[in-house]
Structure formats: C-alpha cells, structure tokens
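Contents: one structure, followed by commentary.
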Amino acid sequence: MQLPDMYQPRKNNLIFSFFSWYIQFIIKKDFAAYNYDGVETKQDSSILILANHFSWWDGFFLFYINKKVFKKQFHVLVNAENYNKVSFLKYLGAFAAENKSKDVLTTLNYAGKLLDDPANLVLVFPQGKLYSNHVKSISFEKGVMQMINASQKKINIIFAATFIDYFAKRKPTAYTYLQHWENEEYVSLQLLKSAYNKHYDQSAVKQTQIIE
C-alpha cells in the first residue's frame, strides 16, 4: 500500500543522524531529567506504540526511547499540516495523509503494512489532537483499529503515558510509563481503549505519588 510521494517518509542518513543527536541534546538541555520504564518485547515482531498527546515533545520522547530501548526503524503518524510545516519530520519516519476519507484509509493501511515488518516501530497518538496533560481519560479515534486490522497482527503493542512535573527545579522532569500489552487474538477498539486507559490511570497514580 503506497502513499502519495508528498506524504511518505524520506531517506537521508545525514539529516537523520543530525536530528537523532539533536533530539537527545534538547531533551537533556531542556529537562532536569527524562525517566522511562524498561519493557520487554518479542524481537521477531514489530512495535506499535500508543501514546497520549499533550505537547510538542511527545514524538521526540518516543523517538528517544526507541533509540535507547527498542532500536527499531522509527515511524510516526502525523497530520498533513505538521508534515508540511516541520520539514525535518519526514526524515525521522513521519508519514501523513490529507484529511480526506480515501487518503486517511490509504494511510492507515500503509501503517498496517509497516507493522508487518518486525524491523519497524510505528508511533500513533490515538487522540488525534493535542489535549491537556491533565485529562482524566484518553479518547481513541476509530482509525487505530483500521491500522491494526490492515496488518497481520503480529505486533508488540506498547502503551506509553507521559507526564511532566517541575517540583523544586527550574526545569521540568518528564516521565514515560510503558506497558507491553499482551493483546488477545480478537482486539476491538473498546477493548484497546479500556486497556490503555487502565494503564494511563495507573501511571497517573504513580506520578502523583512522586515526592521530591
């Protein structure tokens, strides 16, 4: 399944290497610390990360985790506006679609095929838009299931919930809580949403228990 050339990821090793370094640099520069969980995955399967979306940093956090932990070929689904506006994203594995039903369907099917390659990781923000870091639950656009169903379903599904706090420091500390969800053979949108929000709730509780 092919996307229009204008919305596909691009290959440029020099640009990728620079921004791979730069993302690590700005995270260390702008945050007091960035903490995340260890998580085990099946190496012979691709990875689908489902994450909350509250800031400009979200994709960079997960890119960093992939570099340090998963070590897969990184891909992220973004909207067409950001794909065109932030020119380097396409060189970091970003792909997009115009907001038209046919184009969106093609993009979701393309993502599903990416997940058939165990070398790949695909990051998706199921909320579809930016929301506050203080929302009580995470909404899921139905396109998530279209993407999963377009794949052979041999996937590591990883839940990621990220929170930021300052405490007594000038710079914030970011925390990403990860869970490898052992998905059942039959996965519905409601089941996926319920399982993710359970992880999100548990992560929020852990975050509120941090004392410095």
Side-chain angles (χ1 to χ4, degrees), residues 36-42 45-70 72-79 82 89 92-97 104 107-118 120-133 135-164 174-207:
Y36 50 87
D37 295 331
V39 63
E40 293 185 1
T41 60
K42 299 171 184 176
S45 299
S46 62
I47 294 176
L48 170 62
I49 297 184
L50 302 176
N52 62 320
H53 197 20
F54 66 93
S55 77
W56 178 85
W57 287 99
D58 302 334
F60 296 149
F61 286 145
L62 276 303
F63 181 92
Y64 179 86
I65 287 178
N66 179 59
K67 180 179 178 179
K68 296 296 184 180
V69 179
F70 301 123
K72 299 277 191 179
Q73 185 69 40
F74 186 84
H75 300 84
V76 57
L77 176 58
V78 301
N79 60 41
N82 283 333
L89 288 180
L92 299 180
F95 60 99
V104 170
T107 302
L108 295 172
N109 289 337
Y110 171 81
K113 298 310 175 188
L114 286 175
L115 291 169
D116 288 339
D117 185 342
N120 287 335
L121 177 149
V122 177
L123 168 63
V124 173
F125 301 108
Q127 291 163 290
K129 297 178 181 179
L130 286 163
Y131 287 80
S132 168
N133 201 197
V135 296
K136 298 299 182 184
S137 66
I138 303 301
S139 59
F140 270 53
E141 298 288 332
K142 59 186 179 181
V144 176
M145 283 311 305
Q146 174 64 36
M147 179 180 56
I148 292 174
N149 289 332
S151 75
Q152 297 175 2
K153 299 185 179 179
K154 192 176 181 182
I155 309 167
N156 293 287
I157 295 180
I158 303 294
F159 296 153
T162 301
F163 301 92
I164 289 177
Y175 304 79
T176 296
Y177 299 90
L178 299 172
Q179 178 192 349
H180 182 193
W181 183 54
E182 294 293 343
N183 51 300
E184 301 176 13
E185 185 174 346
Y186 173 76
V187 181
S188 68
L189 183 64
Q190 188 56 43
L191 178 63
L192 194 62
K193 178 182 176 181
S194 177
Y196 179 88
N197 274 285
K198 182 178 180 180
H199 170 69
Y200 183 81
D201 290 344
Q202 292 172 341
S203 301
V205 169
K206 290 178 183 177
Q207 185 71 13

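Every value quoted in this text rests on a predicted model; they were computed, and no experiment measured them. Only this structure's heavy atoms are used, side chains among them; waters, hydrogens and symmetry mates stay out.
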Y177: partners by side chain to side chain donor-acceptor pair (under 3.5 Å), with sequence neighbours left out: Q207
Backbone N/O of K42 and side chain of N156: donor-acceptor pair under 3.5 Å: yes
Heavy-atom donor-acceptor pair, N133 side chain to F163 backbone, under 3.5 Å: no
Side-chain donor/acceptor of K72 to backbone N/O of N66, under 3.5 Å: no
Matching residue for Q179 among K198, H199, Q202 - test: side chain to side chain donor-acceptor pair (under 3.5 Å): H199
Counterpart residues, salt bridge (charged side-chain N to carboxylate O under 4.0 Å, His left out), relative to K154 (two or more places apart): D44
Chi angles and distances behind the side chain to side chain contact (heavy atoms under 4.5 Å, CB included) call for V78, F95: CA-CA 6 Å; V78 301; F95 60 99; over 6 Å; no
With F54 via ring pair (Phe, Tyr, Trp, His ring centres under 6.0 Å) - residues at least two apart: none
Test ring pair (Phe, Tyr, Trp, His ring centres under 6.0 Å) applied to H53 - qualifying residues, sequence neighbours left out: F125
Check: L114 main-chain N/O paired with D117 side-chain donor or acceptor under 3.5 Å: no
Ring pair (Phe, Tyr, Trp, His ring centres under 6.0 Å) partners of F140, counting only residues at least two apart: Y196
From CG (L178) to OG1 (T41), nearest 0.5 Å: 11.0 Å
Non-neighbouring partners of Y175 that pass ring pair (Phe, Tyr, Trp, His ring centres under 6.0 Å), sequence neighbours left out: none
Sidechain-backbone polar pair: H180 side chain, V39 backbone, donor-acceptor under 3.5 Å: no
Steps toward ring pair (Phe, Tyr, Trp, His ring centres under 6.0 Å) verdict (Y64, F74): CA-CA 10 Å; Y64 179 86; F74 186 84; over 10 Å; no
Side-chain donor or acceptor of S151 paired with backbone N/O of I148 under 3.5 Å: yes
Test log, rule side chain to side chain contact (heavy atoms under 4.5 Å, CB included), inputs S46 and I155: CA-CA 5 Å; S46 62; I155 309 167; 4.1 Å; yes
Gap between atom CZ of F61 and atom CG of D58 - 0.5 Å precision: 7.0 Å
Smallest separation among heavy atoms of Q73 and N120, with atom names: CB-OD1, 3.4 Å
